[in-house]
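For reference, the structure discussed in these notes is given below.
On a predicted model such as this, the values are computed, not experimentally measured, just so you know.
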Amino acid sequence: LVEGPPRDYKAIRAFASAARYFHDRFFVLAAGDGHRDLDTEGASVLRDLPNVVIVAGAAADGTPHPGANTGALTIDLAASAAPLKGEGTE
């Protein structure tokens, strides 16, 4: 699990190169927050990599979580961004 796509294009390309090299590994990237459109900010180079999945945060109704980065072509799936309740949490 990697915390969000890198912010600058050079770092994104370096990550994509590493993902291609380690093609037998599976990478899950959090889309992150910051109101960025990942389709237009260079992260789109990651969308053709079969071993990379980008996950965005979603509100309870399935819409993007407030502040979540978006990218209809780059983000693969959305998961609830609601806080988890369980043992050891309030």
Shortest non-hydrogen contact from Gly57 to Ala68? O-CB, 3.8 Å
Could you pull out the closest heavy-atom pair between Ser44 and Thr74, with the gap in Å? CA-OG1, 3.6 Å
For side chain to side chain contact (heavy atoms under 4.5 Å, CB included), just list the numbers for Leu46 and Phe27, CA-CA rounded to whole Å, side-chain angles, deciding distance to a tenth of an Å, and then say yes or no. CA-CA 11 Å; Leu46 302 174; Phe27 298 90; over 6 Å; no
Intermediate values then yes/no, side chain to side chain contact (heavy atoms under 4.5 Å, CB included), Arg47 and Leu38: CA-CA 10 Å; Arg47 72 174 157 232; Leu38 300 182; over 6 Å; no
Taking Gly67's backbone N and O only, do any of them form a donor-acceptor pair with Asp33's side chain (distance below 3.5 Å, no angle check)? no
Checking the side chain of Asn69 only, and the main-chain atoms of His35 only, is there a donor and an acceptor separated by less than 3.5 Å? yes
Do [X] and [Y] sit in one hydrophobic cluster, given that two such residues count as connected whenever their side-chain heavy atoms are within less than 4.5 Å of each other, even indirectly?
{"X": "Ile75", "Y": "Tyr9", "answer": "yes"}
{"X": "Leu49", "Y": "Leu73", "answer": "no"}
{"X": "Val45", "Y": "Phe22", "answer": "yes"}

Spatial distance of atom OG (Ser17) from atom CD1 (Ile12) [nearest 0.5 Å]: 13.5 Å
